Number of protein chains: 2
Amino acid sequence: MVTIKDVSRLAKVSKSTVSRVIADNGYVSETKRRAVEEAIATLGYRPNTMARGLRSNRSNIIGGVVLDVTSPFYAQMVGGTQQACRDAGKGLLLSSGFGDTAEEERAIIELVDRSCDGLVLNLENPIRREVADIIRAAGIPVVMVGASDYPVADGAVTVDNAGGAEAGMAYLLDQGHRRIAHLGGGTAHRDSRQRVRGIERALEARGLTLDDINVEHGTFTEQYGYDAIKRLFAHKAPYTAIFAGDDDIAAGAVLALKELGYRIPEDVSVIGFDDNFHARHLTPALTTVRQPIGEVGRIAAEMLLKLLSGHPLEQKSVIVPAELIVRGSVAAPSGSAKS
Amino acid sequence: MVTIKDVSRLAKVSKSTVSRVIADNGYVSETKRRAVEEAIATLGYRPNTMARGLRSNRSNIIGGVVLDVTSPFYAQMVGGTQQACRDAGKGLLLSSGFGDTAEEERAIIELVDRSCDGLVLNLENPIRREVADIIRAAGIPVVMVGASDYPVADGAVTVDNAGGAEAGMAYLLDQGHRRIAHLGGGTAHRDSRQRVRGIERALEARGLTLDDINVEHGTFTEQYGYDAIKRLFAHKAPYTAIFAGDDDIAAGAVLALKELGYRIPEDVSVIGFDDNFHARHLTPALTTVRQPIGEVGRIAAEMLLKLLSGHPLEQKSVIVPAELIVRGSVAAPSGSAKS
DNA sequence: CCCTGATGTGGGAACGATCCCATACGACCT
DNA sequence: AGGTCGTATGGGATCGTTCCCACATCAGGG
């Protein structure tokens with residue numbers, strides 16, 4: 001392995017000077033700088049990350065914990081984070097928590113131990129005190145994704161779930177729907193609660209309340225969407241529109257509705273949330289609320305990078321807007337569709 | 001920061017003994033071992049990764065380069081790799097090449113520089129000599145995913161594209177189809193070429209050749225599938241079955257066929273490849289050939305881990321079978337459907 | 001002419017682990 | 001008694017950087 005010593009020997013300068021050239025700080029004369037750069041090139045010298053990290057206590061690696069890398073949705077988030085890191089010359093060390101608290105904590109501690117310069121965390125569960133202390137003791141900045149109220153967070157990025165849900169609900173209501181069911185992801189999820197809140201706002205803006213529709217709580221799974229529809233539509237068609245908590249639920253709902261012989265959107269309208277990679281591929285293409293999740297991952301990384309470079313954040317909490325994407329799964333209710 | 005020295009002081013032993021306890025090698029008496037473990041616990045000592053890495057030249061980190069983290073397909077692969085790494089107590093440092101040679105090389109070199117213990121590579125392009133030399137100089141093992149003929153590879157995992165395609169084609173032929181078009185992903189991709197080879201085998205087993213069907217080459221995109229169908233079916237229905245190069249192409253083909261008024265599978269059968277997330281969600285659900293891609297990622301990591309532990313591989317090249325998944329997009333051709 | 005401050009350079013002590021080597025002791029054999 | 005071997009322990013060099021400090025030189029001001 002070629003070391004800084006080899007370079008210094010070839011360039012006829014001290015190790016210190018080489019180090020200064022590499023780090024581009026301190027005083028170096030133009031002549032020596034040139035000599036060092038030449039020596040580096042001829043020897044093919046690449047600094048040893050470990051030695052550098054040991055001495056400077058920095059690794060140029062950012063740690064990321066994400067709920068589930070496997071999921072297409074989070075994959076997109078990771079993509080954004082990774083790209084931002086790469087552009088800044090940082091590596092991304094990745095772990096998944098898979099929604100398990102113990103696993104998430106293990107992952108976090110491991111990332112801290114690996115001397116990550118900072119963390120981007122997308123967690124299912126709140127961080128326990130002990131883990132928070134470990135992070136704090138290491139003195140590394142943390143940006144949370146999807147939740148803003150954790151004690152250790154120096155920054156947070158969230159999607160405007162309420163605003164997005166409000167737009168979606170407003171769209172349904174303005175199309176004339178009144179018999180609406182919301183198949184939510186469950187009150188345990190903050191995202192889910194915020195979406196219900198947005199739905200409520202849309203209703204209130206039109207003189208209605210949550211009691212005027214049916215709000216159900218299940219899980220963010222296709223299975224739940226499928227089962228819920230089969231149950232709700234067992235005997236008759238009680239609703240003209242379904243607002244699914246996410247696109248997975250929507251997919252299950254669409255499948256169930258089709259099996260029951262309902263046409264979409266003629267008989268029943270369906271709207272989703274997320275704009276999954278696959279929303280476009282449903283038949284009909286799913287009208288949904290897009291979460292710009294890649295963007296979220298990118299912004300989180302950029303916030304972290306800014307913190308790492310010593311600049312304070314002008315905005316500790318960034319809320320990214322969610323946008324209604326109109327495709328083909330929503331129409332005016334058949335009763336009122338007198339065009 | 002609490003160091004090994006602090007532990008040794010508290011446990012009244014030397015640094016060396018503490019190190020031996022941590023690494024669980026060498027001779028340590030039961031008494032001292034207990035004392036050290038106790039000291040570690042009370043101090044909350046966690047070894048410094050950098051120092052350890054510098055000295056031992058090992059990082060316990062595995063580097064992964066994947067074509068595109070953003071894609072759901074590769075995300076699943078990454079998931080498998082990550083899980084295997086985690087189970088072995090290794091970290092996974094991730095990079096994406098996005099199909100760009102320069103980017104892929106940059107990513108590889110960076111991973112080598114970060115002292116990764118080994119690499120899992122899923123690349124679009126062959127590795128250039130210089131990069132291969134850098135990897136070799138670092139002396140770290142490499143497992144390739146999806147391609148087996150690179151010079152630096154110590155192991156390789158591939159999916160049996162030919163076998164899968166053969167099964168798919170056999171299925172179409174056995175249903176009675178003879179007027180078949182294959183919309184391939186393009187000869188530039190080895191996967192694509194192997195699939196054509198499998199199709200050929202199925203034909204030959206039945207006394208036919210590739211000339212008896214229509215083999216087209218496009219790209220692995222929905223757009224291509226859509227355009228190809230619109231072109232081929234412009235005036236009449238020349239084919240009773242479409243074998244798409246992957247599920248994206250299949251999705252585009254299905255959309256185009258529907259727009260042209262063909263029923264699937266009554267008028268035209270469609271079969272895909274991959275078993276993407278959305279294959280199940282197409283209407284009708286897509287009959288396709290499943291690539292167990294998560295499995296592939298896991299196996300690749302396991303091979304690498306085995307190499308890292310010093311054991312040679314009993315199989316340098318592992319070929320994972322692809323399985324035909326029968327759903328609803330294939331039926332017997334209408335002409336021959338005399339049930 | 002001395003002092004100060006800016007510029008330039010090298011020496012060498014850290015950083016926190018690993019691991020080689022020296023040493024010690026008891027058991028057992030010859 | 002002396003030698004050998006297995007077990008147990010500590011000392012300290014070492015990994016490749018960074019970075020503090022000492023020192024040198026030179027210009028400009030008092």
Side-chain angles (χ1 to χ4, degrees), chain A residues 1-37 39-40 43-61 89 110 112-117 137-140, chain B residues 1-37 39-40 43-61 89 91 112-117 137-140:
Chain A
M1 167 172 242
V2 34
T3 73
I4 205 171
K5 208 166 175 180
D6 301 321
V7 175
S8 72
R9 204 157 22 221
L10 181 60
K12 296 187 196 306
V13 298
S14 70
K15 289 189 306 167
S16 311
T17 303
V18 177
S19 179
R20 275 188 286 264
V21 171
I22 296 169
D24 197 25
N25 63 14
Y27 295 111
V28 180
S29 67
E30 201 46 45
T31 350
K32 304 237 168 183
R33 154 166 283 117
R34 204 108 52 181
V36 168
E37 276 163 355
I40 287 178
L43 292 175
Y45 167 72
R46 301 191 314 279
N48 179 306
T49 331
M50 291 295 183
R52 181 179 284 202
L54 172 60
R55 181 61 233 239
S56 67
N57 206 26
R58 252 171 293 114
S59 63
N60 271 327
I61 291 183
E110 189 185 303
V112 173
D113 284 347
R114 291 201 192 280
S115 310
C116 288
D117 293 344
I140 63 182
Chain B
M1 168 171 239
V2 34
T3 73
I4 204 171
K5 209 166 174 182
D6 301 320
V7 175
S8 72
R9 203 157 22 220
L10 181 60
K12 298 189 195 308
V13 297
S14 70
K15 288 192 305 165
S16 311
T17 303
V18 177
S19 178
R20 276 188 284 261
V21 170
I22 296 169
D24 198 26
N25 64 13
Y27 296 111
V28 180
S29 66
E30 201 47 43
T31 350
K32 302 237 171 185
R33 155 166 283 119
R34 205 107 51 179
V36 168
E37 276 165 354
I40 287 177
L43 292 175
Y45 166 73
R46 300 191 314 280
N48 180 307
T49 331
M50 292 296 183
R52 181 179 284 202
L54 171 60
R55 183 60 233 244
S56 67
N57 206 27
R58 253 170 292 115
S59 64
N60 272 327
I61 290 182
V112 172
D113 283 348
R114 291 202 192 281
S115 310
C116 288
D117 292 345
I140 63 183

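This one's a predicted model, so the numbers in the text were calculated from it and none came from an experiment. By convention in this document, chain letters (A, B, ...) are assigned in the order of the sequence lines, proteins followed by strands, and residues within each chain are numbered from 1. The figures here come from the full heavy-atom set of this structure, side chains too, leaving out hydrogens, waters and symmetry mates.
Within the 4.0 Å cut-off from OP1 or OP2 of dC19(D), at least one side-chain nitrogen or oxygen of R58(A) is found. The shortest distance between the side-chain N/O atoms of S19(B) and the OP1/OP2 oxygens of dT18(C) is below 4.0 Å. Dashed line: the shortest gap from a side-chain N or O of K5(A) to OP1 or OP2 of dC15(D) is not under 4.0 Å. One finds a side-chain N or O of R52(B) lying less than 4.0 angstrom from the OP1 or OP2 phosphate oxygen of dT18(C).
In this model, a donor atom of one side chain and an acceptor atom of the other lie less than 3.5 Å apart for T17(A) and S14(A).
Closest to the side chain of S29(A), from the set dG16(C), dT9(C), dA17(C), is dT9(C). Minimum atom distance to the side chain of T3(A) is reached by dG16(D), of the listed dT18(D), dG16(D), dG12(C). The side chain of I4(A) lies closest to dT17(D), out of dG11(D), dT17(D), dG16(C). The side chain of L54(A) approaches dG16(C) more closely than any other nucleotide in the set dA17(C), dT7(D), dG16(C). Distance from the side chain of M1(A) is smallest for dG16(D) among the nucleotides dG16(D), dG8(C), dT17(D). Of the candidates dA17(C), dT7(C), dG16(D), the closest approach to any side-chain atom of N48(B) belongs to dA17(C).
Residue-level contact check: K15(A) touches the bases, meaning some heavy atom is under 4.0 Å from a base atom.
Toward the 5′ end of DNA chain D lies the nearest nucleotide of G26(B), the other residue of the pair I22(A) and G26(B) mapping further downstream. In this structure, T31(B) and S56(B) both approach DNA chain D, and ranking their closest nucleotides by distance from the 5' end singles out T31(B).
Taking CD1 of I22(A) as the reference point, atom NZ of K15(A) lies at 11.5 Å (rounded to 0.5 Å).
Summarising the geometry, the separation between CG on D24(B) and P on dC19(C) is reported as 14 Å, rounded to the nearest angstrom. Separating the CZ atom of R20(A) from the C1' atom of dG11(C) is a distance of 11 Å, rounded to the nearest angstrom. Note: CG (N57(A)) to P (dT18(D)) measures 13 Å, nearest angstrom. The CZ-P distance, from R34(A) to dG8(C), rounds to 13 Å in whole Å. Between the C1' atom of dC19(D) and the OH atom of Y27(A) lies a distance of 16 Å, rounded to the nearest Å. One can place CG of D113(B) at 11 Å from P of dT17(D), the figure rounded to the nearest angstrom. Between E30(A) atom CD and dG8(C) atom P there is a gap of 9 Å when expressed in whole angstrom units. The separation between M50(A) atom CE and dC15(C) atom C1' is 14 Å, rounded to whole Å.
Under a cut-off of 6.0 angstrom, the local environment of CG in D6(B) is crowded, with over 12 non-hydrogen atoms contributed by other residues, nucleotides or ligands.
Ion pairing between a basic and an acidic side chain is recognised when a charged N comes within 4.0 Å of a carboxylate O; R52(B) and D113(A) show no such pairing.
No N or O donor and acceptor, one from the side chain of R33(A) and one from the base of dG8(C), sit under 3.5 Å apart. For dG16(D), the base has no donor-acceptor partner in the side chain of R55(B) [N/O atoms by modelled type, under 3.5 angstrom]. At a cut-off of 3.5 angstrom, counting only N and O atoms as typed in the model, there is a donor on one side and an acceptor on the other between the side-chain of S16(B) and the base of dG11(D).
Considering all non-hydrogen atoms of both residues, D117(B) and N60(B) come closest at OD2-N, 2.7 Å. Between V28(B) and R20(B), the closest heavy-atom pair is CG2-CB, 3.6 Å.
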